[in-house]
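What follows is a single structure, written as structure tokens, with notes after it.
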Number of protein chains: 2
Amino acid sequence: MRVLFADVSLSRLPEATVARLPVYLRVLTDATEATISSDNLAAGAGVNAAQVRKDLSHLGSYGTRGVGYDVSYLVRQISRQLGLSSDRRVAIVGVGNLGHALVRYGGFNARGFRVVAAFDVDPRTVGQQVGGLVVEPFERLAEVVEEKGVELALLTTPASAAQAAADALVEAGVGSILNFAPARVAAPPRVAVRQVDLGVELQILSYYGTQASTDPVDLDAAPG
Amino acid sequence: MRVLFADVSLSRLPEATVARLPVYLRVLTDATEATISSDNLAAGAGVNAAQVRKDLSHLGSYGTRGVGYDVSYLVRQISRQLGLSSDRRVAIVGVGNLGHALVRYGGFNARGFRVVAAFDVDPRTVGQQVGGLVVEPFERLAEVVEEKGVELALLTTPASAAQAAADALVEAGVGSILNFAPARVAAPPRVAVRQVDLGVELQILSYYGTQASTDPVDLDAAPG
DNA sequence: AATTGTGAAGGAGTTCACAGCC
DNA sequence: GGCTGTGAACTCCTTCACAATT
């Protein structure tokens, strides 16, 4: 590793590595010792130890040979890479069943994401208080995004409304969209879009559930 | 392709292919024509046309050269492969914010999954009616799973309770677990376990959100 | 002695490009 | 002519194995 620090922080990480870093972060957060070996980190994350070392080597040489990795230092480095150094503001668009639950879901706050706004088109939902937030009308999206510094959005509208909502978010300057609607949404390249389709997840699971008896493959693996 | 039908249905599909089949299924369900080309299917799914053809070739030769694929026939073949030929019974373990929302979430029913039971340990939650179901006490899990023929479970407990709940599910004979708790759960090889960690998804998104301005990579892609 | 960091080998998944078929 | 099915090339990811380092 002859790369300068500046290069390391600019270089893009392999996609597969990025997908595992949050898992390492979770293991590190639960760690009790001040130091952890690639072996132990790998066991907690459910991957190969060489994988861990290669992944971490992409961030720079942060381990100590013969000793391991300093937990809190590693947490800082990974957080920095992932853009989690400061709290990030999240908005939720579409306050149906799923949106409603996500507004109140504590898991995000615990990881440095702050849900600061919720939007809906339904006049019966708008104005209601959900998890300490007042649901805003969809028309105020741009205004509120600006006002509250929203950086990420969770898209929990029906599939039919997803693209229009995504367009409005892009227009308003939101740079990252996590789309829960069972539909592909298009966005310009500067906006990161990621799809989480619960139906798809269940269908994949269904396949492995029916296959599991014929072949001993365990699946609780890094996100595919 | 010289493989017999029997072999095709027994052979394991590449993991990456399995992850895309549900996406194809979604596109096919929305299709208006009776026939679809790999080009169009690929466009709808957001992948390469050669990818589609290779994926589908793993199921057998179901296309017609010069014409394309018969939509309804393809839907049947994919559904069969994924083990979706009949409605599959789903239970939800842990009726907190997320579990509550998933019980009422319509997206599952629309895709052939029937939510037939919900469980919780909290006596204040047990007995309540949620989305047409009465929340059962956790102790009745084995009994109700048996009684209602539950095949899949959504695990929406806190992380600290996830492993114990998974153990109970395995013990009760549930073959597939979709784990929403931010913790890895262990299970015997005959049980398929799949992890959906919303915090992890947001953290991955956060990385690409911060990188997006420096490099035009769109992400709304098939799971890597 | 223990553990990292990494070149090299191996494996999986993707894309190309075109023969084969309708 | 149009589109599928697939060998071959290519790219990406994983694992091995061991030198380097503390």
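All figures in this text were calculated on a predicted structure; none of them were measured in a lab. Hydrogens, waters and symmetry mates are skipped; everything else that's a heavy atom, side chains included, is used. Lettering of chains follows the sequences in order, A, B, ..., and the numbering in each one begins at 1.
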Legend entry - Side-chain N,O (A:Ser38) to OP1/OP2 (C:dT4) below 4.0 Å: yes
Inset, instruction - For A:Phe138, check ring-ring contact (aromatic ring centres under 6.0 Å, His included) against everything at least two apart and list the hits. - result: none
Legend entry - Near-ring test B:Tyr62/B:Tyr69, centroid separation under 6.0 angstrom: no
Legend entry - Length of the line joining B:Asp55:CG and D:dG5:P, which is rounded to integer Å: 12 Å
Legend entry - Under-4.0 Å side-chain N/O to phosphate OP1/OP2 contact, B:Ser37 with D:dC3: no
Inset, instruction - Would you confirm whether A:Thr17, through its side chain, and A:Asp55, through its main-chain N or O, come within 3.5 Å as a donor-acceptor pair? - result: no
Legend entry - For A:Leu13 against B:Tyr207, the heavy-atom pair lying closest together: N-OH, 3.0 Å
Legend entry - Atom-to-atom span, CG of B:Leu41 to P of D:dT4 - whole angstrom: 9 Å
Inset, instruction - Could you tell me whether the side chain of A:Asp167 and the main chain of A:Glu171 form a donor-acceptor pair under 3.5 Å? - result: no
Legend entry - Nearest-Å distance for atom pair NZ/C1', residues B:Lys54 and D:dT6: 5 Å
Inset, instruction - Could you tell me the separation between the CG atom of B:Asp39 and the P atom of D:dG5, rounded to a whole number of Å? - result: 14 Å
Under 3.5 Å, which protein N or O atoms sit close to an N or O of nucleotides 9-13 of chain C? Give each pair with its distance.
none

Legend entry - Nearest-Å distance for atom pair CG/P, residues B:Asn40 and D:dC3: 8 Å
Inset, instruction - Provide, to the nearest angstrom, the distance between the OH atom belonging to A:Tyr62 and the P atom belonging to C:dT6. - result: 13 Å
Inset, instruction - Output yes when a side-chain donor or acceptor of A:Glu151 lies under 3.5 Å from a complementary backbone atom of A:Arg88, and no otherwise. - result: no
Inset, instruction - Check the distance between D:dC13's P and A:Leu21's CG and give it to me in whole angstrom. - result: 13 Å
Inset, instruction - May I have the distance from B:Asn48 (atom CG) to D:dT11 (atom P), rounded to whole angstrom? - result: 14 Å
Legend entry - Test item: A:Ser37 side-chain N/O and A:Asn40 main-chain N/O as donor-acceptor pair under 3.5 Å: yes
Inset, instruction - Give, for atom CG of A:Leu82 and atom CD1 of B:Ile204, the distance between the pair rounded to the nearest 0.5 Å. - result: 8.5 Å
Legend entry - Option passing side-chain contact (heavy atoms from CB on, under 4.5 Å) with A:Ile92 (candidates A:Val116, A:Leu98, A:Leu102, A:Val150): A:Leu102
Legend entry - Contact pattern, 5' to 3', of nucleotides 17-22 of chain D - B, S or - by protein heavy atom under 4.0 Å: B-BBBB
Legend entry - Contact under 4.0 Å: A:Tyr69 side-chain N or O vs C:dA2 OP1/OP2: no
